[in-house]
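Please read these numbers as outputs of a predicted model, since none were measured by experiment. In what follows, chains carry the letters A, B, and so on, assigned in the order in which the sequence lines appear, proteins first and then strands, with residues in each chain numbered from 1.
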Amino acid sequence: MDTLLQSLVSGTLTGTLYAMIAVGLTVVFGVMRIINMAHGEMVMLGMFGAYWAHEAGIDPFVSLLLWMPAMFAFGMAVQRFLLARVIPSGELNTLLYTAGLSLLIANLALFFWNGDYRTISLDYGMTPARPFGISVSIPLAIAFGLAIALTSALYLFLARTDTGRAVRATAQNPDSAALMGVNVARIDMITFGLGTALAGAAGVLLAPSLYLYPTVGEILIVKCFVIAVLGGLGSIPGAIAGGVLRGVVESLGAVYVSVAYKDAIGFVLFLGVLLLRPAGLFGVGRTS
Amino acid sequence: MNNSAIGAAVARKGVFDSRLMGAAGALVLLLAPLAAPNPFFHHLLIMVLFSTLLGVAWNLLGGYAGQVSFGHAAFLGVGAYATMLLHLKLGWSPWLGLAAGGALATLIAVPIGLLCFRLRGPYFSLATLAVAEIVRLVALNWESLTAGPQGLLITQLPELTLFGHAVDWESKLPFYYIAALLALLAMGANHFIAQSRLGAYLLAVREDMDSAEAAGIDTVRTRVVALALSAALVGLAGGFYGLYFRYVDPDAVFSVALSVEMVFIAVVGGIATTGGPIVGAIFLVTISEVFRERFQSGHLIFYGLFMMLIVRYLPEGIWGKLRALLRLAVGR
Amino acid sequence: MALLEVNQLRKDFGGLRAVSDLSFRLEAGQILGLIGPNGAGKTTAFNLMAGFIPATSGEVRLDGENVVGLRPHAIVRRGIARTFQIVKPFRKLTVLENVTLAAFLREPVRARAAAAARSILALLDLAGKADCDASDLTLGQQKRLEIARCLATRPKLLFLDEPMGGLNPTEVEAACELVQKLSDSGITVILVEHHMRAIMKISDRVVVLHHGVKIADDAPADVVRNPAVVKAYLGEGAA
């Protein structure tokens, strides 16, 4: 019973961070209809940001204040100067282009920072907290809390602000939004900036709990694609539910099936959903 | 004059007579290793042919049918492991194993296709990524069969006598000719398919799925057939990989990087062209050789960069562009 | 036996009943007009009958054989072809290639399929455009190209979804003649159209849908006098 509870808790914590990455992916998809293959590299950049901040004596969680705006600006620039020119040539071209971008960023990072596995060891990360006899890593718990706060902030931004409404209008119908006076090019930049900032922030939050190395994005992105598709691409609640579900399934699988196959279980879950509910659990994905 | 009209004009003049080009290509392939009797040069030629084979295979599905797969390494790995295991565990001839590798890759492609083709466009691409991950994880963890991360090693290939001579497996030449044969086979198949009804159906599926159905085309079957053919060629390539290097491990043959290389070869060379993958392969091998020596995985930086540049400025690929220019020059 | 027999065909989208127990019969050789105000469910009915969306319940019998549950290409094979309201040619392929693709259904050899395609293009006055990319055609030509693609599958029954939408009066006139010509050549036609004058002129019979329900099924002259139809189009109080 304790093992079950323990797996549920740690699965939920990790799953929430997966969810945050997937939300970034899904928001970009919802508005711009593109799948950003380089999203995992944005997470990786966030992780390295946290690492360098830690090396410089700044607490990784505090460094969010620096890296989120920086990643937002980076995302806007990528959209403005790179993607905006490719998107009109079709979704497959865009997919290939962002795959190229992903290779470029990951391997530039590998070139400049080499492939060593790095870790961030925090004083308060040494001994886990033990509420109700369940072991909880403190950095992971902090990350969990911040992930919820940031994802909710994004949600409120989309729901309550004028810019957020313009983003949602563009997601529903870019042409009508443009007719209503929405500057779609600007909305695309903001959206891509937000997606990138969310990915970067997730990277910062994950950094104290994972090994970091330049090609870590590859593994994360595959997982988060799966989550976003599980939840139905374009759906924020879907991405959140998918993320938590995946985290829990993985950690239960690690305990009850096998550690070696814990990642495979997540993918099998994914294929199962494709088979039974090809539109995703929340039914907004487009299928044949 | 538009492109097709030019194409028709050129076809009448016979400049691009495919039989002529095929024969010339075969001759070049036959003689190429004589250009420099040096094992490293032969190795490069082998890698170009191997990459061409991969590019042609990917192009059938990704270029002609427009179904971009990021998971083709799965088929390469299955082909490689099948060939190696059938030899190591059951004592099959590696050459029979090579064919079996292709067959097995085809066999697993069908259920994978039926599953993943429930999804369209980018969704399909993501699903292929996930399937390839599953296959990789299975290969990594099914240690009783695959020896896991340790990999499989063939210390010596069995003797083979051809025309009264024992084949020297320590030399590169036999492998060169096998690779050449496989690449020619793939390009021939590609050329034949492009001319056939299947080729037309693949283009229809790429252009518009609804219209294809309205024209009476079974879009699911067409895509599954394309995937199966593509997987068969990649499976053969995998078997060849295993025998040439005599060693496979999951990171070598199931990696995402390998899947991306296949995409790169086809995209850089020219989507939906027969000749494109050769150009893409030469490009890929050159970049990787130039930079692999200098700094580790530096070549991947350039793969990424070139992929972005090509998609942005030359979406028809290098060969696609050259061909259009040639046709223009000839047409006038 | 009627060529087409639709029985109790129904489609629910969530709580919305887009097509409600639609039934009608159509004899071979007729032209049937399917009309109704915007959102009446005409295109949905087309999509159901051609297999593009799955029906909630009901059957569609072609020559007595139920085709509900078949995928679109299988229905095309049995002899129902359809055009799209928003034209969907294969844009990057030539006009000839567009039609040849469809001709492959009955003629697997490329040379013969292409020959069949050329004769259909001639019939539709597109022979001169055979080697143009489909995206270079005018809207009127693209609509004819879609019809050409349908004809290449040798249909018994042809569904035309707003073949006259967006065309100028001369083109509408030509389209009417074309539909008549197709009908004379033995193809049964159902067309959805907003162009009332055209539909009243060429249809043998008109079915009127309103909120997914069939409210009239009669000769054109009788349909226009039907109070329920007038009310549906002009609103309460007009009748």
Please say whether more than 12 non-hydrogen atoms of neighbouring residues, nucleotides or ligands are located less than 6.0 Å from [atom1] in [X].
X: C:Arg118; atom1: CZ; value: no
X: C:Lys129; atom1: NZ; value: no
X: C:Arg61; atom1: CZ; value: yes
X: B:Leu325; atom1: CG; value: yes
X: C:Arg112; atom1: CZ; value: no

Practice item. For B:Ala204 and C:Leu101, work out which heavy atoms get closest and say how close. Key: CB-CD1, 3.7 Å

Check your understanding: At their closest point, which heavy atom of B:Ala214 faces which heavy atom of C:Phe84, and how far apart are they?
Key -> CB-CE1, 3.8 Å

Between [atom1] on residue [X] and [atom2] on residue [Y], distance to nearest 0.5 Å:
X: C:Glu146; Y: B:Ser211; atom1: CD; atom2: OG; answer: 5.5 Å
X: C:Lys88; Y: B:Glu213; atom1: NZ; atom2: CD; answer: 11.0 Å
X: B:Leu203; Y: C:Phe90; atom1: CG; atom2: CZ; answer: 9.5 Å
X: C:Arg77; Y: B:Ile217; atom1: CZ; atom2: CD1; answer: 10.5 Å
X: B:Asp210; Y: C:Arg82; atom1: CG; atom2: CZ; answer: 8.0 Å
X: B:Leu198; Y: C:Phe104; atom1: CG; atom2: CZ; answer: 10.0 Å

Point to revise | Contacting moiety of B:Thr219, where chain C heavy atoms sit under 4.5 Å | key: both

Revision key, fill the gap. Those residues of residues 159-168 of chain C that come under 4.5 Å of chain B on a heavy-atom basis, listed by number, are none

Point to revise | Check: C:Pro108 main-chain N/O paired with B:Arg197 side-chain donor or acceptor under 3.5 Å | key: no

Review point. Is a side-chain N or O of C:Arg110 found less than 3.5 angstrom from the main chain of B:Gln195, in a donor-acceptor match?
Key: yes

Point to revise | Carboxylate-amine/guanidinium contact C:Arg91 B:Glu207, below 4.0 Å | key: no

Review point. So which of C:Ala102, C:Pro72, C:Ala113 has the largest heavy-atom pair count under 4.5 angstrom toward chain B?
Key: C:Pro72

